[in-house]
Amino acid sequence: FRSCTSLDDVSLPSNIAYMGEEAFGGCWDLRRDGFIIVNNVLYGYQADENDTSKGKVAVPGGVTRISKGAFYGDSGLRSVVVPDSVKTIDVEAFADCDELQRIQIGKGATDITWFDRDADMSWCDDWFNDAVGRTQEPRSFCNCQKLGSVEISAQNPAFKTVDDFVCDKAGGTLLYCPPMMLNVVTPKSVRNIAPGAFYRSYYISGLSFGGSVTNIADNAFQECYYLTKVDLPVGLISIGQYAFNWCEGLENIRIPDDF
């Protein structure tokens, strides 16, 4: 039903098992208080003309999933509060929200695409597809280049915030670095840098490993354009494919003797 712009009411049975991505995206006549919500899935948001929130949005309680493209290209969005009822935030749910600075995530959101390791990244080794490849970012918060703060409820069983980074609940795997971070020191608890954890963190200039990092996964630091120097940690066991791909400012990498 995408972009059925005259559709103004929907009544669906409660036993529907799955609602597809963008199933009601762009159906703006379904909007209530700015939100398109069908069977507890948020498909779109557009501020009302008289909106006075100044870009601060609270997703309504009861929503269980934020669909792909729900906030696509919302340049007025500054901060978002995701309630405890939300379980899933689809890939590209907040695509191209280029003014988004802060997001607070409740305890229920255990299905978030920090980076889709199964996405087709074959374009990485094809210079001819450079322009096309750089538009791709397989994550829930893609191209949100002003995002500096991701706060996760302490009661969330899957993720937690450690020193402004998103980590798994145990704290051993760093999953996501908000792209507005400049000088990075990884938390002492971190042993693994997940696929794409720093992908397109354009503004990082300095990188230090604060703990005993042993594994750096695929695409981990890809397109960190202003990164100039990396001292790889002692005890490092593996570096994945394209881990430092297109780090165009990178001039020096120190490799430890034991690697």
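These values consider heavy atoms only, across backbone and side chains, with no hydrogens, waters or symmetry-generated copies.
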> If only atom types and distance count, is the side chain of Asp74 paired as donor or acceptor with the main-chain N or O of Leu77 below 3.5 Å?
Replying inline: yes

> Any donor-acceptor pair under 3.5 Å linking the side chain of Arg78 with the backbone of Gly76?
Replying inline: yes

>> Would you say that Ile193 contacts Asn215 through its side chain, given a criterion of any heavy-atom pair below 4.5 Å between the two side chains?
In response: no

> Just how far is it from atom NZ of Lys146 to atom CD of Glu99, taken to the nearest 0.5 Å?
Replying inline: 3.5 Å

> Can Asn183 and Ser205 be said to form a side chain to side chain contact (heavy atoms under 4.5 Å, CB included), step by step?
Replying inline: CA-CA 6 Å; Asn183 293 298; Ser205 57; 3.2 Å; yes

>> Check whether Asn219 reaches the backbone of Pro195 with its side chain - one donor and one acceptor, N or O, closer than 3.5 Å.
In response: no

> Taking C-beta and beyond as the side chain, do Pro157 and Thr110 meet within less than 4.5 Å on heavy atoms?
Replying inline: yes

> So do Val10 and Asn39 actually touch side chain to side chain, heavy atoms under 4.5 Å?
Replying inline: no

> In chain order, what residues pass the ring-ring contact (aromatic ring centres under 6.0 Å, His included) check against Phe141, with sequence neighbours excluded?
Replying inline: Phe94, Trp114

> Would Val184 end up clustered with Trp246 when hydrophobic side chains under 4.5 Å apart are linked, directly or stepwise?
Replying inline: no

>> Given 3.5 Å as the limit, does a donor-acceptor pair link the side chain of Asn192 with the main chain of Ala194, or not?
In response: no

>> Using the rule that Ile, Leu, Val, Met, Phe, Trp and Tyr join whenever any side-chain heavy atoms are under 4.5 Å apart, tell me whether Ile237 and Val190 fall into a single cluster.
In response: no

> At their closest point, which heavy atom of Phe159 faces which heavy atom of Leu175, and how far apart are they?
Replying inline: CD2-CD1, 3.5 Å

>> To the closest 0.5 Å, what do you measure between NZ (Lys56) and OG (Ser79)?
In response: 6.0 Å

> With sequence neighbours left out, what residues match Asp163 under side chain to side chain contact (heavy atoms under 4.5 Å, CB included)?
Replying inline: Phe165, Pro187

> So, Arg139 side chain and Val91 main chain: donor-acceptor pair closer than 3.5 Å or not?
Replying inline: no

> Which heavy-atom pair separates Phe71 from Val59 by the least distance, and what is that distance?
Replying inline: CZ-CG2, 4.3 Å

> Are Ile105 and Val150 side-chain neighbours, meaning at least one heavy-atom pair lies under 4.5 Å?
Replying inline: yes

> Ring centroid separation for Phe115 and Tyr199, is it under 6.0 angstrom?
Replying inline: yes

>> Show the nearest heavy-atom pair for residues Leu42 and Ala70, with the distance to one decimal.
In response: O-CB, 3.7 Å

>> Taking CZ in Phe244 as the centre, count heavy atoms belonging to other residues, nucleotides or ligands within less than 6.0 Å. Is the count above 12?
In response: yes

>> Rounded at 0.5 Å granularity, tell me how far CG in Asn245 sits from SG in Cys224.
In response: 11.0 Å

>> side chain to side chain contact (heavy atoms under 4.5 Å, CB included), that's the test. Do Thr186 and Phe209 meet it? Break it down for me.
In response: CA-CA 5 Å; Thr186 61; Phe209 294 92; 4.0 Å; yes

> Just by distance, do the side chain of Ser189 and the backbone of Gly171 share a donor-acceptor pair under 3.5 Å?
Replying inline: yes

>> Tell me if the CG atom of Asp33 is crowded by more than 12 foreign heavy atoms within 6.0 Å.
In response: no

>> Can a donor-acceptor pair be found, under 3.5 Å and without considering hydrogens, that links the side chain of Asn156 to the backbone of Gly106?
In response: yes

> What is the distance from atom CD1 of Ile66 to atom OH of Tyr43, rounded to the nearest 0.5 Å?
Replying inline: 12.5 Å

> Run the side chain to side chain contact (heavy atoms under 4.5 Å, CB included) check on Thr64 and Thr88 step by step: do they pass?
Replying inline: CA-CA 7 Å; Thr64 58; Thr88 300; over 6 Å; no

>> Could you go through Glu223 and Cys247, starting from their C-alpha distance and side-chain angles, then the distance that decides it, and tell me whether this counts as side chain to side chain contact (heavy atoms under 4.5 Å, CB included)?
In response: CA-CA 5 Å; Glu223 296 184 49; Cys247 293; over 6 Å; no

> Given the rule that I, L, V, M, F, W and Y join up when any side-chain heavy atoms are under 4.5 Å apart, are Ile204 and Tyr202 in one cluster?
Replying inline: no

> Donor-acceptor pair, Ser140 side chain versus Thr113 backbone, under 3.5 Å?
Replying inline: yes

> With a 3.5 Å cut-off and no angle check, do the side chains of Asp98 and Ser75 form a donor-acceptor pair?
Replying inline: no

>> Any salt bridge linking Lys229 with Glu251? Criterion: basic side-chain nitrogen under 4.0 Å from a carboxylate oxygen.
In response: no

> Where is the tightest heavy-atom contact between Leu250 and Val230, given as atom of each residue plus distance?
Replying inline: CD1-CG2, 3.9 Å

>> Give me the atom names and distance for the closest heavy-atom approach of Pro179 to Tyr176.
In response: CD-OH, 3.4 Å

> Are the side chain of Ser85 and the backbone of Val63 linked by a donor-acceptor contact shorter than 3.5 Å?
Replying inline: yes

> Sub-3.5 Å donor-acceptor pair from the side chain of Ser201 to the main-chain atoms of Phe221, do we have one?
Replying inline: no

> Heavy-atom distance under 4.5 Å between the side chains of Ile152 and Lys160, does that happen here?
Replying inline: no

> Is it true that Ile112 and Val81 fall in one hydrophobic cluster, defined by side-chain heavy atoms closer than 4.5 Å?
Replying inline: no

> Same hydrophobic cluster for Val234 and Val213, using side-chain heavy-atom links shorter than 4.5 Å among ILVMFWY?
Replying inline: no

> Salt bridge between Asp90 and Lys68, side-chain N to carboxylate O under 4.0 Å?
Replying inline: no

>> Within this structure, what is the CZ-SG distance for the pair Phe198 and Cys177, rounded to the nearest 0.5 Å?
In response: 4.5 Å

> Distance from Ile89 atom CD1 to Ile103 atom CD1, nearest 0.5 Å?
Replying inline: 5.5 Å

>> Is it true that, when you exclude Lys188 itself, more than 12 heavy atoms of the residues, nucleotides or ligands shown sit nearer than 6.0 Å to its NZ?
In response: no

>> Which heavy atom of Tyr72 sits nearest to which heavy atom of Asp96, and what is that distance?
In response: CE1-OD2, 3.3 Å

